[in-house]
Structure formats: C-alpha cells, structure tokens
There are 2 protein chains.
Amino acid sequence: MVLFPQNYKKGIEVSRDNAGVKPAKSGSRAKGRITLNDVAKTVGVSAITISRALNDPDKVKPVLRARIEKAVAELNYVPNRAARSLAAGSTQTLAVVIPTISNTVFSNVLKGIYDQTIEHNYEVLFANTYYSLQNEEKVISKLLAQYPDGIITTGLDMTERSKELLQAANIPLVQIMEVGAGEVLDMNVGFSHFDAGASMAEYLLAQGYRNIGFLGAQMDFRSQRRMQGFLSKLADANLETDKYLMTTTIPSSVKLGGHMIADLLSEHPQVDAVFCNNDDLAYGAIFECQRRKLRIPEQIAIAGFNDLDASASINPSLTTIRTPLYEIGNRATELLINTLKRRPNLSKTLDLGFELIARDSA
Amino acid sequence: MVLFPQNYKKGIEVSRDNAGVKPAKSGSRAKGRITLNDVAKTVGVSAITISRALNDPDKVKPVLRARIEKAVAELNYVPNRAARSLAAGSTQTLAVVIPTISNTVFSNVLKGIYDQTIEHNYEVLFANTYYSLQNEEKVISKLLAQYPDGIITTGLDMTERSKELLQAANIPLVQIMEVGAGEVLDMNVGFSHFDAGASMAEYLLAQGYRNIGFLGAQMDFRSQRRMQGFLSKLADANLETDKYLMTTTIPSSVKLGGHMIADLLSEHPQVDAVFCNNDDLAYGAIFECQRRKLRIPEQIAIAGFNDLDASASINPSLTTIRTPLYEIGNRATELLINTLKRRPNLSKTLDLGFELIARDSA
DNA sequence: TTAAATAATGTTAGCGCTATCATTTGGTAA
DNA sequence: TTACCAAATGATAGCGCTAACATTATTTAA
C-alpha cells in the first residue's frame with residue numbers, strides 16, 4: 001500500500017514505519033526528518049559514531065556497524081548533505097556551465113561528465129548560458145553559491161566579472177570544448193576549432209572543389225573560430241572567402257540547414273561544396289538538395305561537423321569532423337576529481353583533437 | 001591580468017582584491033571564503049541585515065542596501081547555500097531522475113524543467129537511471145540526501161524501496177512522461193503511451209496498410225505500452241500482431257533502425273508499413289529503404305514517434321506522433337513549484353496528450 | 001505634543017553534521 | 001600484575017546562515 005502524504009508543511013508529522021522513533025524536534029524549522037541523532041538514540045551510541053559508520057566504516061567495529069546499518073535502513077535515514085557540507089567544508093558537488101542542454105553536442109558532453117561524477121560519488125549541478133556571456137556571469141554566481149568543489153565551464157571567452165568570481169571561489173576549474181584560443185584560467189580540455197575548420201577546408205580543396213561555401217548557425221565563439229580556420233585555408237588557396245559565406249545567430253537545426261542552403265543556392269548556384277558548421281545543418285542541407293534533385297556529391301558536396309548519430313546512416317553518408325564530446329566531459333571531470341583528491345595531473349591542458357571522417361557526401 | 005590560484009588547499013590564503021578585508025578564520029575547516037559576517041563588518045551592520053538585504057531587499061532601507069550591495073560586489077561575496085539550506089530548512093533545489101541525458105527526448109524534457117526552475121530561482125540536480133530500476137533506487141537515495149525541495153521522476157514503475165524513500169522524504173513529487181498506466185504516488189504529468197500507440201495503429205489501418213510491422217528499441221515500460229496499444233488495434237482488426245514484430249533492449253539509434261528494418265524485410269518482404277517506436281529508428285529505417293530503392297510510402301510506409309527536429313525535413317517527411325516533451329518538464333516543474341509556494345494546483349494529474357502528425361512517409 | 005503603529009535593525013539560538021581532541025576499551029609486552 | 005599502545009567511541013564546538021523574537025528609529029494618528 002502506498003499512501004503519499006498530502007501535506008508537505010514543515011513540521012507536520014507524517015506517519016511512517018519508523019520503529020517508534022519520531023523525528024526529534026518538530027519546531028517550525030524542523031522538517032520532520034530523521035536525523036543522525038535519531039539514529040544514534042535508536043542504536044544507543046553517539047551521533048559521531050553513526051557519522052563514522054556511514055562515512056568511514058572501517059573506524060567502527062563490524063558488529064556495531066551492522067546494527068547501525070540496520071537502524072539506518074529501518075528509519076529510512078537519509079543524511080543531510082547541507083549539514084555535511086557546512087561541517088566538512090566540502091559539498092561533493094561539481095558545477096557545470098554549458099550553453100544549452102537541448103543541443104546534442106552538450107548533452108553528450110554532460111553525459112561524459114555525469115558518468116565520471118557518479119563513479120566518484122559527486123553530484124552534478126548544471127546551468128545553461130544560452131550562449132550569453134551575461135547569463136554565464138549570472139549562472140556562475142548562482143552555482144558558486146552552492147560551493148561546488150569544482151567547476152566546469154564552456155569555452156575560453158568570458159567576462160572579467162566571471163573570471164573574478166571564479167578566481168575568488170578558489171576551486172579547481174576546467175574550461176572545456178576548446179584549446180589554444182584564449183586565456184586559460186586553470187585547466188583546459190578540448191580541441192582546436194580553428195584547426196578543425198582548416199582541416200575541413202584542406203580536405204575539400206584536395207577533393208578539387210573550388211566554389212566552396214560555408215553555412216554557420218549559432219555562430220558562437222567556437223563556430224567563429226571554425227569558420228576562421230576554414231576561411232584561412234580558402235584564402236591561402238586564393239579562393240573567395242566572403243562570397244559563399246552565410247551565417248546566422250539562430251540556433252542550429254535541421255530545418256534551418258534547409259533554409260540556408262536554399263538561400264545560398266538561389267544566390268550562388270555555382271557553389272560546388274558547402275561546409276556546415278554543425279551536422280544538423282548538414283542534414284537539412286542534404287534533405288533540401290535531395291528535394292531539388294541535386295546529386296550529392298557530384299553536383300554539390302556537403303560536409304558537417306560533430307559526427308552525430310545519423311551522420312553515418314544518412315544518404316549519402318555525411319563527411320564530417322568527429323569531435324570527442326563525451327570524452328571532453330569525461331576527461332575534464334577526471335582532471336577536476338584528480339585535483340580534488342590531490343592526485344597529480346600530467347598536464348593542465350588536454351588537446352583531445354578531432355578526426356575528419358571522409359564519407360560519401362563530399 | 002588573471003592569475004589563477006595554484007593551490008586549492010583549505011585555509012590557504014589566496015591574494016584577492018578584497019579592499020583589505022580578509023576571510024575571518026583560516027582554521028582547518030575554513031575555506032578562506034568571505035562570509036556574511038565579513039560583509040557585515042565591512043558595512044558596519046549586523047549579519048542578519050546583510051542576509052535580509054540579499055534575500056528580502058524590501059526590508060532594508062535603500063541607502064543601506066546600496067552600501068551592502070557595493071560591499072558584496074567588492075568582496076566577491078557569494079552566499080553559502082549549504083548554510084542557508086541548513087538554517088532555513090529549504091534547499092531551493094529540485095531533483096530530477098531521468099533514464100539518460102544523452103537521449104534527445106529527455107534532454108528536451110530537462111530543458112523544460114530547467115527553464116522553469118531558473119525562473120523561480122531553484123537549482124536542478126539530475127541523475128540518470130540508464131533504464132534500470134535498481135539504479136533508480138540508488139540515485140533517488142543519493143538525490144534525497146541533498147534534501148531537494150521537490151523531486152521529478154520518470155515513469156510510474158518503480159521498486160517498493162524507491163516508493164518508500166520518496167514517501168519518507170515527504171516532499172512533493174511529480175512522476176513524468178506517462179499517465180494512466182500505474183500507481184501515482186503524488187502528482188503526475190505526461191500522456192498515455194498506450195493510446196499513442198493505438199492512435200498510430202488506427203491511422204495506418206485507415207490508410208489501408210495491412211501487413212503492419214513494429215520496430216522497438218530500448219523497450220522500457222513506456223515503449224512496451226506503446227507497443228501494446230499499437231498491437232491491440234491490430235488485433236481488433238484481426239491482423240497479425242506477432243509476425244512483424246521486432247524488438248530489442250538496445251538503446252534506440254539511427255544506425256539500429258537501419259539494421260532492424262533490414263532484418264525485418266529480409267524475413268518478411270511483404271511488410272507494407274512499419275511503426276518505429278522512436279523517430280531515430282524511423283530515420284534509420286528510411287535511410288535503409290532508400291538504399292534498397294524502396295519507394296516510401298508506396299512500397300513501404302514508415303512512421304515514427306516523438307517528432308524530433310529532423311522529422312519534418314527528412315525525405316519523405318516523417319509521419320510521427322508529436323509528444324509534448326518540453327511541456328512535460330515545464331508543467332511538472334510548475335506543479336512542483338506551485339505546491340512548494342502553497343499555490344493550489346487545479347489538478348494533481350496532467351494529461352498533456354499527443355498529436356499524430358501525418359506527413360509523407362505513411 | 002504624545003501615544004500608537006510601523007519600519008528598520010539587532011540579538012540569540014540552532015539547523016544537522018563533522019573536525020578535533022578526549023576518553024574508554026581491549027590487547028600486548030614486560 | 002602493570003605499563004603501554006592502538007582501536008573504538010564520545011564530548012564539544014562550530015561550519016555560515018536565518019527564524020523568531022527583541023529592540024530601536026521613524027512615521028502616523030489623535
């Protein structure tokens with residue numbers, strides 16, 4: 001039978017099967033929850049012994065420990081992390097600042113972070129900046145109020161105030177996604193977006209394309225640097241850089257990719273290759289070209305970025321750049337936890353690179 | 001200039017531009033951070049006044065408030081939420097339990113949750129169950145240790161122990177994604193997966209398809225109920241239900257969709273329509289059919305579930321069921337926050353429905 | 001003008017836990 | 001036995017903040 005309490009009011013006593021033990025206080029601030037002291041009274045030992053049994057079991061005799069564990073289970077005791085944090089000065093929490101959770105790129109990164117934290121018994125607090133440095137400043141401030149033991153932020157570009165806050169917090173920090181494109185405050189894990197863009201340009205040039213376009217959505221700092229890397233190689237080859245360039249600050253989506261390539265082609269039908277700054281955009285471009293009966297890559301080549309799930313399966317399969325998203329999250333968290341556990345890191349900066357995956361679309 | 005502290009050791013003093021004020025204590029537990037008391041001393045008022053200026057600004061005279069805000073900014077003071085939580089008995093934190101963050105479905109739900117929490121100044125703590133009830137039990141226990149003010153869990157199926165823990169926690173709970181398919185512990189937001197499945201079956205039947213297959217990945221409880229709803233309508237129409245059925249517990253992906261339809265077609269080339277339990281799977285199926293030069297929907301119809309970003313753009317555009325993912329997260333959080341703020345909710349259960357989007361693929 | 005009401009600020013205690021140091025228990029060697 | 005040491009457990013204080021009540025300043029009403 002399950003009866004869920006109808007009333008959550010502070011101090012309201014809710015019936016529980018607690019072996020007769022009731023929460024000690026039900027004053028106005030009491031939450032009516034079982035505390036360490038309740039367990040201690042039940043077992044007949046001091047509170048600190050319960051604390052030890054839970055946090056450092058080896059310090060408590062096995063027999064007593066067993067009794068404590070039994071009482072904890074019976075009373076449904078759940079330690080109060082706020083109290084623990086306050087007393088111990090550590091929250092076992094990591095803060096994560098990403099642009100938006102609803103982008104596959106960052107949900108993959110976050111998964112990498114999550115899997116590492118769960119293994120080391122940390123919690124994850126995340127916040128979205130929605131690609132705004134002002135928002136970032138706000139959420140950093142909010143997250144720091146939770147006194148995380150460490151923090152991960154996205155990108156190397158932030159406001160001076162954000163930097164100040166992070167330094168004043170005096171906790172390890174990993175800036176993720178990008179390396180080699182700005183000031184690093186502490187640690188850094190990612191890859192070079194400039195090089196990634198350049199690498200795709202070189203590939204397309206090597207394939208013989210000469211009227212090469214660029215479609216960019218979102219156009220955050222990293223997108224811009226991918227574009228710069230890309231255009232620098234076109235410039236090196238004495239090709240047009242501005243002519244077939246189309247960017248927007250609208251977030252990337254499949255639909256947007258369709259619209260953008262439509263616009264580009266209506267202005268410049270001679271374009272023979274397009275680098276989309278995100279696979280989503282590239283999917284949309286491919287679909288739109290299909291509708292226009294343009295053969296890919298014969299009439300127009302399409303390339304993407306990130307190597308998302310569908311890229312290997314789409315027709316034609318998408319030439320793209322694989323980025324180590326999960327690994328970035330995972331390794332960044334590893335750096336953080338190593339630092340927190342006073343284990344040395346080989347390096348404060350990890351360039352995890354990228355990989356150009358040549359498939360059929362270009 | 002930015003110099004990041006090289007040492008995070010407790011109590012180590014790090015130089016800061018703190019207008020001469022140093023953290024009060026640097027004992028072994030002190031984190032070397034500025035506290036309310038430091039601000040109070042700087043401004044020359046009591047700590048509680050600082051607290052009020054920050055939490056309930058109207059209660060402090062504007063002139064004084066301005067001085068306090070200035071001091072807070074100069075000292076880079078960040079309130080300690082653990083201390084606040086402990087003193088106030090509220091953490092301003094909501095816990096979220098979802099199967100996996102790396103599934104677009106749940107990252108959309110989480111975004112809905114996040115956007116609502118940010119507006120009301122709550123924090124989000126999330127955990128993944130990876131579709132395991134045992135994991136769910138563990139993460140619920142871990143999350144409750146943070147004493148969240150409210151909690152959102154996914155689905156109606158959980159272990160007895162999970163239910164016990166949630167009840168003992170005595171905080172508002174919203175079970176999301178599904179309604180009408182099991183015991184609700186407190187509040188409930190979602191839609192009927194059985195009905196959604198049934199609705200797609202009716203549509204396909206109405207279109208005249210008779211050799212109708214089903215491809216199911218992951219096959220968690222909700223997938224199963226979608227399948228049951230779907231098959232029940234096929235049975236009503238006296239059609240085969242088992243013959244063209246293919247399921248796996250492997251997580252859904254585009255690639256998997258391709259493999260599954262390939263397998264299904266090699267066994268049963270007569271299949272004329274397939275309902276994929278996820279759009280990802282449907283994309284993969286469409287791509288594979290294209291490679292086999294099967295005309296969609298003339299030779300084989302494909303339908304999906306969730307109406308993800310690419311579904312409207314793919315060729316042919318995908319007939320699917322649009323599910324209110326963002327809204328589920330958003331409304332569930334709204335219910336939770338209303339409850340926490342003692343505002344009445346019209347209902348403890350919200351059926352947000354679904355919508356069949358008929359496009360070209362079926 | 002003075003009392004009463006209200007606004008603004010202060011004092012005190014305590015939220016639930018753990019660091020630190022103190023004490024007790026049990027085991028070992030002399 | 002006694003002295004000694006390690007292991008196990010306990011007492012105390014305090015982490016940084018806010019609820020509750022107390023006091024003081026300011027405004028308003030009579």
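A, B, ... follow the sequence lines: proteins, then strands. Residue 1 opens every chain.
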Would you tell me if any nitrogen or oxygen in the side chain of [X] comes within less than 4.0 Å of OP1 or OP2 on [N]?
{"X": "B/Thr35", "N": "D/dG16", "value": "no"}
{"X": "A/Ser51", "N": "C/dT18", "value": "yes"}
{"X": "A/Tyr77", "N": "C/dG16", "value": "no"}

Spacing between [X] atom [atom1] and [N] atom [atom2], to the nearest angstrom:
{"X": "A/Arg67", "N": "D/dT9", "atom1": "CZ", "atom2": "P", "value": "10 Å"}
{"X": "B/Leu54", "N": "D/dC17", "atom1": "CG", "atom2": "P", "value": "9 Å"}
{"X": "B/Ile34", "N": "D/dC15", "atom1": "CD1", "atom2": "P", "value": "15 Å"}
{"X": "B/Gln146", "N": "C/dG16", "atom1": "CD", "atom2": "P", "value": "16 Å"}
{"X": "A/Asp38", "N": "C/dC15", "atom1": "CG", "atom2": "C1'", "value": "13 Å"}
{"X": "A/Arg65", "N": "D/dA7", "atom1": "CZ", "atom2": "P", "value": "15 Å"}
{"X": "A/Asn80", "N": "D/dC15", "atom1": "CG", "atom2": "C1'", "value": "13 Å"}

- Query: Who passes side-chain contact (heavy atoms from CB on, under 4.5 Å) against B/Leu340, sequence neighbours left out?
  - Reply: B/Leu94, B/Tyr122, B/Asp149, B/Pro172
- Message: Could you work out, with side-chain contact (heavy atoms from CB on, under 4.5 Å) as the rule, every residue matching B/Lys138, not counting sequence neighbours?
- Response: B/Asn135
- Minimum side-chain heavy-atom gap B/Glu123-B/Gln92 below 4.5 Å: no
- Query: How far does the helix from C/dT1-D/dA30 to C/dA30-D/dT1 bend, going by the axes of its first and last five pairs, to the nearest 10°?
  - Reply: 30°
- Task: Determine, for A/Tyr147 and B/Arg81, whether the Lys NZ or Arg CZ falls below 6.0 Å from the six-membered ring centre while staying within 45 degrees of the axis.
- Result: no
- Task: Look at the side chain of A/Asn188 and the backbone N and O of A/Val184, then say whether any donor-acceptor pair between them is shorter than 3.5 Å.
- Result: no
Please tabulate the protein-to-nucleotide N/O contacts below 3.5 Å involving nucleotides 7-12 of chain C, giving atom names and distances.
from: C/dT9; atom 1: OP2; to: B/Lys61; atom 2: N; distance (Å): 2.9
from: C/dG10; atom 1: OP2; to: B/Ser46; atom 2: N; distance (Å): 2.9
from: C/dG10; atom 1: OP2; to: B/Ser46; atom 2: OG; distance (Å): 2.8
from: C/dG10; atom 1: OP2; to: B/Thr49; atom 2: OG1; distance (Å): 2.5
from: C/dG10; atom 1: N7; to: B/Arg52; atom 2: NH2; distance (Å): 2.8
from: C/dG10; atom 1: O6; to: B/Arg52; atom 2: NH1; distance (Å): 3.4

- Query: With nearest nucleotides of DNA chain D determined for A/Ala83 and B/Asn55 from heavy-atom distances, which residue corresponds to the more 5′ nucleotide?
  - Reply: A/Ala83
- Item | side-chain hydrogen bond (donor to acceptor under 3.5 Å, both in side chains) against B/Thr93, all qualifying residues, sequence neighbours excluded | none
- Task: Return the set of residues passing salt bridge (Lys or Arg N to Asp or Glu O under 4.0 Å) with B/Lys59 (not counting sequence neighbours), or none when no residue passes.
- Result: B/Asp56
- Query: Under the criterion side-chain contact (heavy atoms from CB on, under 4.5 Å), which of A/Leu165, A/Leu133, A/Ile140 is the partner of A/Thr159?
  - Reply: A/Leu133
